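Right, one structure below, let's go through it.
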Amino acid sequence: MSDLAAAAESTEPKAHARIVYLGPVSPHWEVYGDWGDRQTLDEFRARCLARLVLLPREDPQFRRNRERIVRDAEREMITIEWDLGVVTQPITSSDAAEERAEAAAAAEEAASDTGTADVAASDAASEAEPAADAAAAPEPADTTEASDDA
């Protein structure tokens with residue numbers, strides 16, 4: 001039984017670290033040690049940042065380096081928590097259908113708004129055309145006055 005007790009003790013984590021995605025602007029990552037041996041966490045942090053600091057979350061190299069970090073943490077007996085800055089909420093089929101219906105209604109409303117605006121603009125333009133034509137045309141000379149003076 002002493003072997004089982006020793007194995008249980010050795011599987012307990014020595015530290016815990018949070019790896020946080022800061023955003024699309026470099027540096028992209030930060031590693032925080034929540035609890036545990038400070039020296040172990042500092043060394044782990046240095047190795048993590050060496051693998052991640054210049055990689056955005058969407059980079060294919062990030063996936064490979066993430067697996068390496070997970071193996072490193074297991075080897076060092078450090079529990080890790082990834083904060084990728086992504087809100088994951090399960091979407092059910094009814095939620096997706098509602099979102100599509102709302103998007104279609106919004107698009108239809110926007111199309112009808114622009115359609116009425118175009119009609120109003122064309123009405124205003126057609127009303128302005130006769131006034132512009134009248135202002136541009138020269139007034140006809142009154143021929144009756146001219147013939148009386150001569």
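Predicted, not measured: the structure shown is a model, and the values here were computed from it.
- If you take CZ on Arg64 and CG on Leu55, they are separated by 9.0 Å, rounding to the nearest 0.5 Å.
- Val20 and Leu84 sit in two unconnected hydrophobic clusters of ILVMFWY residues. Membership requires side-chain heavy atoms under 4.5 Å apart, directly or through other members.
- Looking at Tyr32 and Leu41, their side chains never come closer than 4.5 Å, going by heavy atoms from C-beta outward.
- Residues Leu22 and Trp29 fail the side-chain proximity criterion, which asks for heavy atoms closer than 4.5 Å.
- The aromatic rings of His16 and Trp35 sit parallel to each other, their planes meeting at less than 30°, with 60° as the upper class boundary.
- Using a cut-off of 4.0 Å between Lys/Arg side-chain N and Asp/Glu carboxylate O, Asp34 and Arg18 are scored as salt-bridged.
- Not counting sequence neighbours, the partners of Arg75 by the salt bridge (Lys or Arg N to Asp or Glu O under 4.0 Å) test are Asp72.
- The structure places CZ of Arg66 at 11.0 Å from CZ of Arg57, a figure rounded to the nearest 0.5 Å.
- The heavy-atom pair separating Ala17 from Phe44 by the smallest distance is CB-CE2, 4.0 Å.
- Hydrophobic clustering, with ILVMFWY side chains joined whenever heavy atoms are under 4.5 angstrom apart, groups Leu49 together with Ile78.
- Note that CD1 of Ile19 is 4.0 Å distant from CH2 of Trp82, once rounded to the nearest 0.5 Å.
- For the atom pair CG of Asn65 and CD of Gln61, the computed distance is 4.5 Å after rounding to the nearest 0.5 Å.
- For the pair Arg47/Glu76, a side-chain contact is recorded, criterion being any heavy-atom separation below 4.5 Å from C-beta on.
- Side-chain atoms of Arg51 do not come within 3.5 Å of backbone N or O of Ile69 as any donor-acceptor pair.
- Residues satisfying the salt bridge (Lys or Arg N to Asp or Glu O under 4.0 Å) test with Arg45, not counting sequence neighbours, are Glu30.
- Between Val70 and Ile80, some side-chain heavy-atom pair lies under the 4.5 Å cut-off.
- Residues His28 and Val53 are not in side-chain contact: their nearest non-hydrogen atoms beyond the backbone lie 4.5 Å or more apart.
- When all heavy atoms are compared, the tightest approach of Tyr21 to Glu58 is OH-OE1, 4.0 Å.
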